[in-house]
Amino acid sequence: MTPLGEVIERLIAEHGPMRLDEYMALCLGHPEHGYYTRRDPLGAGGDFTTAPEISQMFGELIGAWLAEVWQGRGAPERFVLAELGPGRGTLMRDALRVAARVPGFASAAELWLVETSPALRARQAELLGPFRPNWAGRLDDLPPGPLFLVANEFFDALPARQFRRADMAWCERLVIRAEPSGLAFAWGPPRPEPELARRFPLAPDGAIVEVNAGAEAAAAWIGARIAAEGGAALVIDYGDWDGTGDTLQAVKAHRFVGALEDPGAADLTTHVRFRALGEAAGPAIVAGPVPQGVFLERLGITARANALARGLAPAGGPDRGGEADAVEAIVRAHRRLTHPDEMGILFRVLGLTSRGSARLPGFDPAEIRASTD
């Protein structure tokens, strides 16, 4: 058992079974033993790899999107440029390399990174130092003004609760102490949950559903802020518009492991239910979600990949191995980001903007959903 596992066992012994969201919160954010508190989990030597770490193309296209959206909303002379859960800062570095070429963008942007991990804040400072970043621990800490925000693989890591339908009632998934030691899952007693019945009216008996109050609160804050002060946001994550099922997963060293196997030493996530985010965003206009592959193609990822490949390919004569390998890496990255069998469909992109704003690049007019407020 990990040190955090021992802490959780003691808490359960003292206070009784623990809700899943409480367990996830401790595993990911415990001040001493939490997963994100102690480590940089990204890359080949870590536990998982995100899209910005796969290729510069991802962040560059997000940068072009930000610049175009900023211009389409009147190019405000001062605005908050924010990223939620920025990882190492790779996405924002690549995005700013492109967006800063647009006259006025860099001087108008006040960069804010919403990050709680000391280890990752240090990495972000190294990579983004020239852009003078500011850090916030919560969305509420962001300064006022038009907000242009990106959240890539942020919402999946927010702690979720799980329930199983039991006729007209619902049982909540709990974490308990196993015998003689360790942790195990159990289902609590059936209780009426009118809100779950409203959200999941067609869920059959035995179906598992997930709700994420933290994700919905964050989406509500972003939507209200953009509606009131202007701006736009992109949410990129794995999930779907709606649905049921157990999507809890733990990843360690690029392998799936048991969710209770290594508390604090493995990443824990659930799939994002984009419908809940869109409805929570309230007065903002919602676009999508659309598959990541479709979104990136609309932004021009194939043209960008071809341009990068042309810049590396040998100009006649015998093939030079280094250039050929680099071109092949671009091809692989393009496939991984866009192909339906890779990240192209599993990952979705949701856009938020204010009423009356110019169109959102990457989204068709038919994909715009009316405000729920």
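Just so it is clear, the model here is predicted, and its values are computed rather than measured. Computation of the quantities below employed the complete heavy-atom set of this structure, encompassing side-chain atoms and omitting hydrogens, waters and symmetry-equivalent molecules.
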Please, which pairs that meet salt bridge (Lys or Arg N to Asp or Glu O under 4.0 Å) have at least one residue in residues 2-13, sequence neighbours excluded?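 Salt bridge (Lys or Arg N to Asp or Glu O under 4.0 Å) check on residues 2-13 returns Glu9-Arg177.
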List the steps and the verdict of side chain to side chain contact (heavy atoms under 4.5 Å, CB included) for Val235 and Ile222. CA-CA 11 Å; Val235 175; Ile222 296 167; 5.6 Å; no
Quick test of your reading of the model: are [X] and [Y] salt-bridged, counting only N-O distances below 4.0 Å?
{"X": "Glu193", "Y": "Arg165", "answer": "no"}
{"X": "Glu367", "Y": "Arg298", "answer": "yes"}
{"X": "Glu172", "Y": "Arg191", "answer": "no"}
{"X": "Glu261", "Y": "Arg255", "answer": "no"}
{"X": "Arg273", "Y": "Asp242", "answer": "yes"}

Side-chain heavy atoms nearer than 4.5 Å, only ILVMFWY residues, links allowed to pass through others: does that put [X] and [Y] together?
{"X": "Trp241", "Y": "Leu158", "result": "yes"}
{"X": "Phe185", "Y": "Met1", "result": "yes"}
{"X": "Leu91", "Y": "Met343", "result": "yes"}
{"X": "Met18", "Y": "Leu20", "result": "yes"}
{"X": "Leu299", "Y": "Val102", "result": "yes"}

Quick one, [X] and [Y] - any side-chain contact, counting heavy atoms below 4.5 Å?
{"X": "His334", "Y": "Arg304", "result": "no"}
{"X": "Trp135", "Y": "Asp141", "result": "no"}
{"X": "Ile8", "Y": "Cys27", "result": "yes"}
{"X": "Ser55", "Y": "Leu337", "result": "yes"}
{"X": "Phe163", "Y": "Val211", "result": "yes"}
{"X": "Phe295", "Y": "Leu61", "result": "no"}
{"X": "Tyr35", "Y": "Leu4", "result": "no"}
{"X": "Leu149", "Y": "Leu352", "result": "no"}

Where [X] and [Y] come nearest, the two heavy atoms and their spacing:
{"X": "Ala281", "Y": "Val286", "answer": "CB-CG2, 4.4 Å"}
{"X": "Ala160", "Y": "Asn212", "answer": "CB-ND2, 3.8 Å"}
{"X": "Ala169", "Y": "Pro192", "answer": "CB-N, 4.3 Å"}
{"X": "Leu28", "Y": "Ala266", "answer": "CD2-O, 4.5 Å"}
{"X": "Val175", "Y": "Ile12", "answer": "O-CD1, 3.5 Å"}
{"X": "Cys171", "Y": "Ala166", "answer": "SG-CB, 4.0 Å"}

Do [X] side-chain atoms and [Y] backbone N/O form a donor-acceptor pair below 3.5 Å?
{"X": "Ser354", "Y": "Gly230", "answer": "no"}
{"X": "Glu229", "Y": "Gly145", "answer": "yes"}
{"X": "Gln124", "Y": "Gly87", "answer": "yes"}
{"X": "Arg164", "Y": "Pro190", "answer": "no"}
{"X": "Thr37", "Y": "His30", "answer": "yes"}
{"X": "Asp237", "Y": "Phe155", "answer": "yes"}
{"X": "Asp246", "Y": "Leu248", "answer": "yes"}
{"X": "Arg132", "Y": "Gly129", "answer": "no"}
{"X": "Thr90", "Y": "Glu53", "answer": "no"}
{"X": "Glu342", "Y": "His339", "answer": "no"}

What I want to check is whether the side chains of Thr302 and Glu297 have a donor and an acceptor closer together than 3.5 Å.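 The answer is yes; a qualifying pair exists.
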Evaluate Phe131 against Leu81 for side chain to side chain contact (heavy atoms under 4.5 Å, CB included), listing each step before the verdict. CA-CA 11 Å; Phe131 300 103; Leu81 175 60; over 6 Å; no
Report the distance from atom [atom1] of [X] to atom [atom2] of [Y], rounding to the nearest 0.5 Å.
{"X": "Thr2", "Y": "Leu183", "atom1": "OG1", "atom2": "CG", "value": "8.0 Å"}
{"X": "Ile345", "Y": "Asp240", "atom1": "CD1", "atom2": "CG", "value": "10.0 Å"}
{"X": "Arg335", "Y": "Ile54", "atom1": "CZ", "atom2": "CD1", "value": "12.5 Å"}

Evaluation steps, side-chain hydrogen bond (donor to acceptor under 3.5 Å, both in side chains), between Arg73 and Thr353: CA-CA 10 Å; Arg73 280 140 190 81; Thr353 190; 3.1 Å; yes
List the steps and the verdict of side chain to side chain contact (heavy atoms under 4.5 Å, CB included) for Phe105 and Leu66. CA-CA 9 Å; Phe105 184 93; Leu66 286 165; 4.3 Å; yes
Please work out whether the ring planes of Phe200 and Trp170 are parallel, tilted or perpendicular, with thresholds of 30° and 60°.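 Phe200 and Trp170: tilted rings.
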Quick one: sort the Phe79 and Trp70 rings into parallel, tilted or perpendicular, breaks at 30° and 60°.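 Taking Trp70 first and then Phe79, their aromatic rings sit tilted (interplane angle of 30° to 60°).
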For Arg199, the option from Glu210, Glu279, Glu216 that meets salt bridge (Lys or Arg N to Asp or Glu O under 4.0 Å):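 So, applying the salt bridge (Lys or Arg N to Asp or Glu O under 4.0 Å) to Arg199 and each of Glu210, Glu279, Glu216, only Glu216 qualifies.
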Show your reasoning for whether side chain to side chain contact (heavy atoms under 4.5 Å, CB included) applies to Tyr23 and Leu268. CA-CA 10 Å; Tyr23 173 77; Leu268 290 177; 3.8 Å; yes
Pairs flagged by side-chain hydrogen bond (donor to acceptor under 3.5 Å, both in side chains) wherever residues 143-156 is involved - sequence neighbours left out: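 For residues 143-156, and leaving out neighbouring residues, the side-chain hydrogen bond (donor to acceptor under 3.5 Å, both in side chains) pairs sorted by first residue read Asp156-Tyr238.
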More than 12 foreign heavy atoms under 6.0 Å from CD of Glu77: is that the case here?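 Open.
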